[in-house]
Number of protein chains: 2
Amino acid sequence: MFKPITIKDIAQALDLSPSTVSRALSDSYEINEETKKRVIEYAEQHSYRRNPMASSLRHGRSYSIGVIVCEVANSFFSQAIDGIESVAYGKGYHVIISQSHDAYEREVVNIQHLANRAVDGLLISMSAETKDFSHIITLHEQGLPIVFFDRIIDVFDTHTVTSDNKKGAQKATQSLIDRGFKKIAHLANAPHLSITAERLEGFESALRANNIPLNESLIRYCHHGGRIQREVEEAVRYFLDLDERPDAIFVASDRLSMGCLSAYNKLAPKAEHPAIAGFSNSDVLDLLQPGFTCIRQPAIEMGRVAMEMLIQLIESRYPVYEFENTVLETELISR
Amino acid sequence: MFKPITIKDIAQALDLSPSTVSRALSDSYEINEETKKRVIEYAEQHSYRRNPMASSLRHGRSYSIGVIVCEVANSFFSQAIDGIESVAYGKGYHVIISQSHDAYEREVVNIQHLANRAVDGLLISMSAETKDFSHIITLHEQGLPIVFFDRIIDVFDTHTVTSDNKKGAQKATQSLIDRGFKKIAHLANAPHLSITAERLEGFESALRANNIPLNESLIRYCHHGGRIQREVEEAVRYFLDLDERPDAIFVASDRLSMGCLSAYNKLAPKAEHPAIAGFSNSDVLDLLQPGFTCIRQPAIEMGRVAMEMLIQLIESRYPVYEFENTVLETELISR
DNA sequence: ATGAAAGCGCTAACAA
DNA sequence: TTGTTAGCGCTTTCAT
């Protein structure tokens, strides 16, 4: 139906051998300038395009990498993707994005799918629901380069990039304490996520530093990361039903913050809403009244670093045994 | 470094020929049930994975399609992508997403890049800045199947999916009129986008239907689609500087709405903000005070339809000359 | 029901 | 500097 021009065609037309044409097009040094010019000119005129499948097959490399995140409609992840793409494109890699929607099954299916498409490596941020990691371990054992970012796991050694979640959580909590709040709740993400534990740690350590006793009953987890609004509403209703309602909440993620706000809007009059601070990379936040203080992660940078790490793994000629676990600083934005 | 198992390996191990193994794995009918079972079992045990590059090379198809949108961190487009993926995965296609960020150069580069990776077809929503379409026309002339959605162009015949932008704009404008506003401004997207013209038309027709004279000076365009916040601020400042300030604004897009709100927050006290209604698929909107009425597009459906159309073009055995231009209904959400 | 062989398009080792 | 050849892994005639 549609037959693109090949190296062979060019060779025939210019009375050369395919290899010469190939050399000309890949800018080899062992070629006559004159010939090279002729080939390139002809190729351009006939809008020749190298067949990436043939080329990949030959090289044993697809020059594409897979990214799996919970969702792209999330400021943090979309910024991370921008970072990933900027590095990837510069190095000639293509990026295939896949969304788990924080659901275990979709993560498994999508990672399978990506692996089947022969990506050269994987950039993974874990789904909130995932507790079983065998689908990832298998791929790692088969030698597929994998780098984790943001939501990492520790089931095998590899490069990772995260932000300093503990310190970020500390800063956010401290900002609430500084504003005079004492009964501070924590709306947490799924319990088995790395970021959940780290942020909880920071939350607790801020309370401790200010001699505020930790009240376990003020911590609520969202096992689906807020994917199901009902679970957020249940947490909010729980807070509202407490004899001693929290006067402030440290929220673990952007998604949860939105869910939390809208749950409060639904369930209680404005006057009864607690103050909120939390992790978020969204820039619609300053449209909200009252504005809410947030911890911003260096998402683009994280994407860049992760991609560079992955490329290093992919292009390394020898097995890599030394791994880096980069931790980036967060930024407090007061509102 | 990492050598995956091939059909040949399986053939050797089971003392069969590669072709038999291939047949077994592709579930051919001309094969012994017994043999098939043996092969499949062995393949599973050794986690054989078909090399997609070889397979693609052989078939002349990559089974992947490219999508280009302005940005994924946009509710409308991320929903559209969900729709696209749901259909694509079901049919065994892979989706490669690319962002133009509404910039002409990035659109050109990314489309080039996608085409070079041998996608079987392209799903395009135009960037706000693009006025020259030759990069797309060239690909079309080379026979690459292309379907446009949402922001379409009319430079050659192909399938398209859009929503009924005119009627949507009418409904939004009418809702403002119904609330008693008379001096209604329109914050429009880039002038050369299809959606811009259609939404303007709806805006004007609503005014006409209510005998409100059209005031050209109440229409402002954002040539970069709001990519540059400054241009939105300039428009808002313009509205604020008018002798007769608008009491309401119909905003053409989600992105512009956000930019518009934040510009007003920055430039004028809350009491002076006009009412706002506009196109948006975001669900953080109901967190805003005052809530703003919006027109919601059937984004997921649009993605689905577009992908189905593209698959039809790709898989058609004969050149397609009959094209569909599907228009979907929008929904008014009052707040 | 199975095998042998050719070829998708490209490239790299080797030969000239 | 250029050409010849072989092969990446898979599929599909054609022959058996």
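Atom set for the values below is all heavy atoms of this structure, side chains included, hydrogens, waters and symmetry mates excluded. All figures in this text were calculated on a predicted structure; none of them were measured in a lab. Within every chain, numbering begins at 1; the chains are lettered A, B, ... in the order of the sequence lines, protein sequences first and strands thereafter.
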Indicate whether OP1 or OP2 belonging to C:dC10 is found under 4.0 Å from a side-chain N or O atom of A:Tyr48. yes

Would you indicate which nucleotide in D:dC10, D:dC8, C:dA1 comes nearest to any side-chain atom of B:Asn51? D:dC10

Taking any heavy-atom pair under 4.0 Å as a contact, classify B:Ser55: base, sugar-phosphate, or nothing. sugar-phosphate

More 5' along DNA chain C: B:Ile31 or A:Met53, using each one's nearest nucleotide? B:Ile31

Length of the line joining A:Arg58:CZ and D:dC8:C1', which is rounded to integer Å: 6 Å

Separation of atom CD1 in B:Ile10 from atom P in D:dC10, rounded to whole Å: 8 Å

Interatomic distance, B:Gln12 CD vs D:dG9 P [rounded to whole Å]: 12 Å

Taking the inter-plane angle between the rings of A:His94 and A:Tyr89 on a 0 to 90° scale, is it parallel (under 30°), tilted (30 to 60°) or perpendicular (over 60°)? tilted

Answer yes or no: does a side-chain N or O of A:Ser19 lie under 4.0 Å from OP1 or OP2 of C:dT11? no

Closest to the A:Ala54 side chain: C:dC10, D:dG3, D:dC10? C:dC10

Residue A:Arg23, side-chain atoms from C-beta onward, closest of D:dA6, D:dT2, C:dA1: D:dT2

Where the side chain of B:Thr6 is concerned, which of D:dT1, C:dT11, D:dG9 is the nearest nucleotide? D:dG9

Check this one for me: any side-chain N or O of A:Arg50 less than 4.0 Å away from OP1 or OP2 of C:dT11? yes

May I have the distance from A:Leu25 (atom CG) to C:dC10 (atom P), rounded to whole angstrom? 9 Å

Calculate the interatomic distance between A:Ile7 atom CD1 and D:dG3 atom P; express it in whole Å. 13 Å

Short question: side chain of B:Asn110, backbone of B:Gln99 - any donor-acceptor pair under 3.5 Å? yes

Under 4.5 Å between any side-chain heavy atoms of B:Ile7 and B:Leu25, yes or no? yes

Please tell me if B:Thr35 has a side-chain N or O lying less than 4.0 Å from either OP1 or OP2 of C:dT2. yes

For A:Ile40, which of A:Arg38, A:Lys37, A:Glu44 qualifies under side-chain contact (heavy atoms from CB on, under 4.5 Å)? A:Glu44

Send over the distance from A:Asp15 CG to D:dG3 P, rounded to a whole Å. 8 Å

Would you kindly give the NZ-to-P distance between B:Lys8 and D:dA6, to the nearest whole Å? 14 Å

Ignoring hydrogens and angles, tell me if any N or O in the side chain of B:His113 forms a donor-acceptor pair with the backbone of B:Val109 under 3.5 Å. no

A:Leu57 side chain: which of C:dG3, C:dG9, C:dC8 is closest? C:dG9

Quick note, A:Glu30 side chain, CB onward, closest among D:dG3, C:dT11, D:dT1 is D:dT1

Whole-Å distance between D:dT13 P and B:His59 NE2? 10 Å

Hey, is the side chain of A:Ser22 poking within less than 4.0 Å of OP1 or OP2 on C:dC10, counting only N and O atoms? no

Between A:Tyr63 and A:His59, what is the ring plane arrangement, given parallel below 30°, perpendicular above 60°, and tilted in between? perpendicular

